[in-house]
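Reckoned from all heavy atoms, side chains included, excluding hydrogens, waters and symmetry mates. Source: prediction; values computed, not measured.
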Amino acid sequence: MFSRVIWLFTLLINLSWFGVPAYADTSQANDKSVTNEKALASFLLALEGMENFQASFVQSSKTQTGEILQQMEGSLSVAKPGKMRWQTEDPFAQLVVSDGQLIWVYDMDLEQVTIRNMDQRVQETPALLLSGNTQEIDASFVVSKTTADENVIYQLMPKDSSQLFQSLEFHYHDHILQGMKIYDAAGQITDIVFTQQKQNQVVDEQAFVFDVPEGVDVIDGRSL
């Protein structure tokens, strides 16, 4: 589970760098889908205009038939540039904090903290996904957009079949990010549903500061 969770954290950190979509172009709201070129342009446009985002979430791992394998709840706060606090509750208590330079992963049960350079993680595919570089995103993914009323779904499918996931979805309603879905090659679905969303409001900067608790083991994975 650890690598999957870290992958999701990396994706969310990139969202904080380049903005959780604050709005989506719904000018073609009556269309079921649009071409890759138009969907790509709309997706890139949607990445602009947000300084911070806060929400509660429920993250579920499911089979293709919808059977829930694992479920956790928590809270999320992200802010530009690259700041994030993602905390899950018992029985999977874990805290991930990024100050824009370093990432701390604190596993309460193991009493262990892992420290990494942020750039070590964003070299993965999600960094290209949300880097804002049109050519890289277009080269790496086929982007589609489906709209119905005020519901918008962007689906990104990697052109390289060796990637960690088969497709990734961003779900919006009334221009607000509602959730994300990740479909992996084994058929498992990771579903993240956001509630109590707040955007571009006051954020406590101390939320992005992590002090290692006394007596906790530290694994320092920072590059020199």
Do [X] and [Y] belong to the same hydrophobic cluster, where Ile, Leu, Val, Met, Phe, Trp and Tyr are linked whenever their side-chain heavy atoms lie under 4.5 Å apart, directly or via other members?
X    : Y    : value
V96  : V209 : no
V58  : L76  : no
W104 : V216 : yes
V97  : V218 : yes

Can you confirm whether [X] sits close enough to [Y] that some side-chain heavy atom of one is under 4.5 Å from a side-chain heavy atom of the other?
X    : Y    : result
F92  : M108 : no
T114 : Y106 : no
Q70  : M72  : yes
F194 : M180 : yes
K159 : V142 : yes

Report, as yes or no, whether the 6.0 Å neighbourhood of atom CD on E111 holds more than 12 heavy atoms from other residues, nucleotides or ligands.
no
Which residues share a side chain to side chain contact (heavy atoms under 4.5 Å, CB included) with [X], sequence neighbours left out:
X    : answer
E89  : E73
S75  : Q87
Q178 : H173, I176, Q197
A207 : R85

Starting at [atom1] of [X], measure out to [atom2] of [Y] and round the result to the nearest 0.5 Å.
X    : Y    : atom1 : atom2 : result
S77  : F53  : OG    : CZ    : 9.5 Å
Q188 : Y183 : CD    : OH    : 12.5 Å
D174 : E150 : CG    : CD    : 4.5 Å
I103 : I115 : CD1   : CD1   : 11.5 Å
L69  : I189 : CG    : CD1   : 10.0 Å
K145 : F170 : NZ    : CZ    : 14.5 Å

Over all atoms of both residues, closest heavy-atom pair of [X] and [Y]:
X    : Y    : answer
N117 : L102 : ND2-CD2, 3.7 Å
M84  : V78  : CG-CG1, 3.5 Å
S167 : M157 : CB-CG, 3.9 Å
D107 : L110 : OD1-N, 3.2 Å
E169 : Q155 : OE2-NE2, 3.5 Å
T88  : F57  : CG2-CZ, 3.8 Å

Residues two or more places apart in sequence or in another chain: which of them pass salt bridge (Lys or Arg N to Asp or Glu O under 4.0 Å) with D109?
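With neighbours one apart ignored, the set is empty.
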State which residues pass salt bridge (Lys or Arg N to Asp or Glu O under 4.0 Å) with E205; sequence neighbours excluded, sorted by chain then number.
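K83.
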For T190 and Q59, run side chain to side chain contact (heavy atoms under 4.5 Å, CB included): C-alpha distance rounded to whole Å, both residues' side-chain angles, the deciding distance at 0.1 Å, then the answer.
CA-CA 7 Å; T190 299; Q59 176 180 313; 4.0 Å; yes
Could I get the full list of side chain to side chain donor-acceptor pair (under 3.5 Å) partners for [X], not counting sequence neighbours?
X    : answer
S60  : Q71
T63  : T65
K181 : none

Flag, side chain of N52 to backbone of V202, donor-acceptor distance under 3.5 Å
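Answer holds: no.
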So, D220 side chain and R222 main chain: donor-acceptor pair closer than 3.5 Å or not?
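Yes; at least one donor-acceptor contact below 3.5 Å.
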Can a donor-acceptor pair be found between the side chains of Y154 and S42 at a distance below 3.5 Å?
yes
Residue pairs passing the side-chain hydrogen bond (donor to acceptor under 3.5 Å, both in side chains) test where at least one lies in residues 206-215, sequence neighbours excluded:
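Qualifying pairs, neighbours excluded: none.
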Fellow cluster residues of V203, listed by chain then number, with links counted only when side-chain atoms sit under 4.5 Å apart
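Members alongside V203: F208.
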Residue pairs involving residues 60-69 (criterion salt bridge (charged side-chain N to carboxylate O under 4.0 Å, His left out); sequence neighbours excluded)
K62-D191
